[in-house]
2 protein chains.
Amino acid sequence: MSESTPAYKAPLFEPLARQPASHRIATVIEQKILRRSLRPGDDLPTETELAEQFAVNRSTVREALRRLESAGLVGREGGSKRLKVTRPGHAETASRVGRTLALDDVTFIELWEAMRAVAPRVAALTAEQGSAADVAQLEAIVSAVETARSADGAVNQVVEFFGKLAELSGNRVLQLAMQPVTRLLAPSLRRMIDRVPQGRTRILVAQRCIVEAIREHKPDEAESWMTRHVQDFRRGYELAGIALDTKVGVGSMAD
Amino acid sequence: MSESTPAYKAPLFEPLARQPASHRIATVIEQKILRRSLRPGDDLPTETELAEQFAVNRSTVREALRRLESAGLVGREGGSKRLKVTRPGHAETASRVGRTLALDDVTFIELWEAMRAVAPRVAALTAEQGSAADVAQLEAIVSAVETARSADGAVNQVVEFFGKLAELSGNRVLQLAMQPVTRLLAPSLRRMIDRVPQGRTRILVAQRCIVEAIREHKPDEAESWMTRHVQDFRRGYELAGIALDTKVGVGSMAD
DNA sequence: ATAGTCCGATTGTCGGACAATATAGTGCCC
DNA sequence: GGGCACTATATTGTCCGACAATCGGACTAT
């Protein structure tokens, strides 16, 4: 393949951008929100008012509002009629990221690598700050993993374990990073547990060690246990005879 | 606060969800896309056709389409009129995540911790697979960092360095995770460079070491150099006398 | 083949309309 | 005065019909 730019024609002129009014209106309101002129909880003007202010038809305003609504920047609370400014929820954002990744056909190994990077640090952070109450919550989840009757239940609890860990770490960035990954990884975990019987107990052991390290405030131990735990997960996957470049499906994106 | 559930009234019945038609239509189409019945590149029917099929007015269809458009699930290519199914672009998703985090007032330390977790692994992965061409690209960026005239230019190139690294790692999950973090971190980096003169050369040194480790396919070295690099960044931040719990602003969310 | 012209299809926006219902009064009773 | 039913108003969700702009093609002349 010729690597050089085709020199076809230097893009002498940009394609001038003619955005529809609804788009521009959405952008303007969005900027107001991002710049904190409009803050979460504030009421938006009514559609009619907005239409007057922007000097456009109400239909046009509505399209802009649907845009913002979909972006999670505005929404309703309760059965209310009025639109309020809202901060995009983590859950929603995470699910959107998950969709993006799923539609991109990311592979198991890519997700696993992300897990490999994030989870140990999360464990370490939690071990640094975790309170007794936190440990109790984690233990509750671990025993739920143990006593779960169905495989699906167990998997859900494992996901919950990671989620709670991220929450307790107090780091919202890592929390947001972890959420889509665990969600997308869940179906793989499910298959793995089905095919590798000892997998579940191995998970339990690892979780216990991690929780123990957190209880004793030993970040390094928590981190290394988590690293082993994640690596063990991968080994289980290989044991189950599943290719590492398996594409994760849309699965569990019920929304 | 009374922790027990108020027992106020057992929610015998859910508040039945009466979603507006536009919302339901968006959901139906979204499902079709997620289930791959509609695949990226496919043309959507025209608004009039959709209106007929759903037996609603065209305005209603339009609101649904604006929703999907904002979600990045459909869009136009070129100056075309027809809507096509598109996969949500990484850039767009990343910028959305960035917005969520910014509106959440995440602090510098949270972002840094994410960087601390992800960047070293990314460097290691790239070192495993990096080709000579890849190394050349990284070197180009490093020298751009060196020769950048303005501080802003240098910062942008540093962001670019991390972005390219993530891209070369071949892991789209990590790439997507890294993008919003570096973007949000950029303003802090800018301030740091302003106040700590030697910061820039330290960054250069670290980058050179990292690239070198990648060239020689030494993942462990790349990882540990990157770890040091990230930690150095934090030290610079402290040196600059900026509090670790500084909230990152919306900054650089020009979109 | 290229450029010019014409026409139908499609989108973006408009103005007006109406049913359903959330919200704000308003009056009534205790 | 406070609580409650009831009414009036405002607001949203949806529909209808319309029109300018423009995109996509077809068709033609060079």
Side-chain angles (χ1 to χ4, degrees), chain A residues 6 8-9 11-30 33 38 41-86, chain B residues 8-9 11 13-30 33 38 41-86:
Chain A
Y8 197 58
K9 216 194 298 189
L12 177 53
F13 291 113
E14 303 287 320
L16 57 82
R18 280 186 323 279
Q19 294 176 324
S22 68
H23 192 301
R24 270 175 297 160
I25 290 176
T27 307
V28 169
I29 299 180
E30 175 186 326
I33 295 177
L38 281 170
D42 289 1
D43 275 351
L44 261 86
T46 66
E47 294 176 353
T48 318
E49 280 170 331
L50 285 173
E52 283 173 11
Q53 295 181 17
F54 286 112
V56 298
N57 191 284
R58 191 161 73 97
S59 313
T60 308
V61 169
R62 292 190 114 251
E63 295 194 22
L65 289 179
R66 293 299 87 77
R67 268 202 163 78
L68 295 172
E69 210 173 2
S70 164
L73 288 173
V74 306
R76 268 174 253 280
E77 281 167 8
S80 170
K81 207 159 227 186
R82 207 64 170 278
L83 272 176
K84 279 177 178 311
V85 177
T86 63
Chain B
Y8 196 58
K9 217 195 295 185
F13 290 114
E14 303 286 322
L16 59 82
R18 282 188 322 280
Q19 295 174 325
S22 67
H23 192 302
R24 271 175 297 159
I25 290 177
T27 308
V28 169
I29 299 180
E30 174 186 327
I33 295 177
L38 280 170
D42 289 0
D43 275 351
L44 260 84
T46 66
E47 295 177 352
T48 317
E49 281 171 330
L50 285 174
E52 283 173 11
Q53 295 181 17
F54 285 112
V56 298
N57 190 279
R58 190 161 75 96
S59 313
T60 308
V61 169
R62 291 191 117 249
E63 295 193 22
L65 290 179
R66 292 300 87 77
R67 267 203 162 78
L68 295 172
E69 208 174 4
S70 164
L73 289 172
V74 308
R76 269 173 252 282
E77 281 168 7
S80 170
K81 212 159 224 186
R82 206 63 172 278
L83 273 177
K84 281 177 177 307
V85 178
T86 63

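All values below were derived from every heavy atom in this structure, side-chain atoms included, with hydrogens, water molecules and symmetry-related copies excluded. Per chain, numbering begins at 1; letters A, B, ... match sequence-line order.
Closest contact between the side chain of B/Arg66 and the listed nucleotides C/dT10, D/dT14, C/dG12 involves C/dG12. Here D/dT14 is the nucleotide among D/dC16, D/dT14, C/dT13 with the atom lying nearest to any side-chain atom of B/Glu63. Ranking C/dT13, D/dT14, C/dG12 by closeness to the A/Ser22 side chain, first place goes to C/dT13.
Taking the charged nitrogens against the carboxylate oxygens, A/Glu69 and A/Arg66 do have a contact shorter than 4.0 Å, which makes a salt bridge.
Atoms CG and OG1, from A/Leu50 and A/Thr60 in turn, are 12.0 Å apart once rounded to the nearest 0.5 Å. Within the model, atoms CG of A/Leu73 and CZ of A/Arg67 stand 12.5 Å from one another, a figure rounded to the nearest 0.5 Å. Remark: A/Glu47 CD to A/Asn57 CG distance equals 11.0 Å, nearest 0.5 Å. How far CG of B/Leu65 is from CD1 of B/Ile29: 5.5 Å, rounded to the nearest 0.5 Å.
Separating the CG atom of B/Leu83 from the P atom of C/dT10 is a distance of 13 Å, rounded to the nearest angstrom. At whole-Å resolution of the value, NZ in A/Lys84 and P in C/dA22 are 16 Å apart. Between the CD atom of A/Glu47 and the C1' atom of C/dC14 there is a distance of 16 Å, rounded to whole Å. Distance CZ (A/Arg67) to C1' (C/dG12): 11 Å, rounded to an integer number of Å. Following rounding to the nearest Å, A/Phe54 (CZ) and C/dT13 (P) show an atom-to-atom distance of 13 Å. Across the protein-nucleic acid pair, A/Gln19 atom CD and C/dT13 atom P stand 11 Å apart, rounded to whole Å. In this structure, CD of A/Glu49 is placed 13 Å from C1' of D/dT12, rounded to the nearest angstrom. In this structure, the CG atom of A/Leu65 is 14 Å from the P atom of D/dT11, given to the nearest Å.
The phosphate of C/dA9 has neither OP1 nor OP2 within less than 4.0 Å of any side-chain N or O from B/Thr48. Between B/Asn57 and D/dC16 there is a side-chain N or O to OP1 or OP2 distance below 4.0 Å. In this model, the phosphate group of C/dG12 is not approached by any side-chain N or O of A/Ser59 to a distance below 4.0 Å at OP1 or OP2. The phosphate of C/dG12 (OP1 or OP2) has no side-chain N or O of A/Arg62 nearer than 4.0 angstrom.
Counting all heavy atoms, side chain and backbone alike, B/Lys84 lies closest to B/Leu44 at C-CD1, 3.9 Å.
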Revision key, fill the gap. Under a 4.0 Å heavy-atom criterion, the protein footprint on nucleotides 18-25 of chain D, written with B, S and -, is B--BBSS-

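For the pair A/Arg62 (side chain) and B/Glu63 (backbone), a donor-acceptor distance under 3.5 Å is absent.
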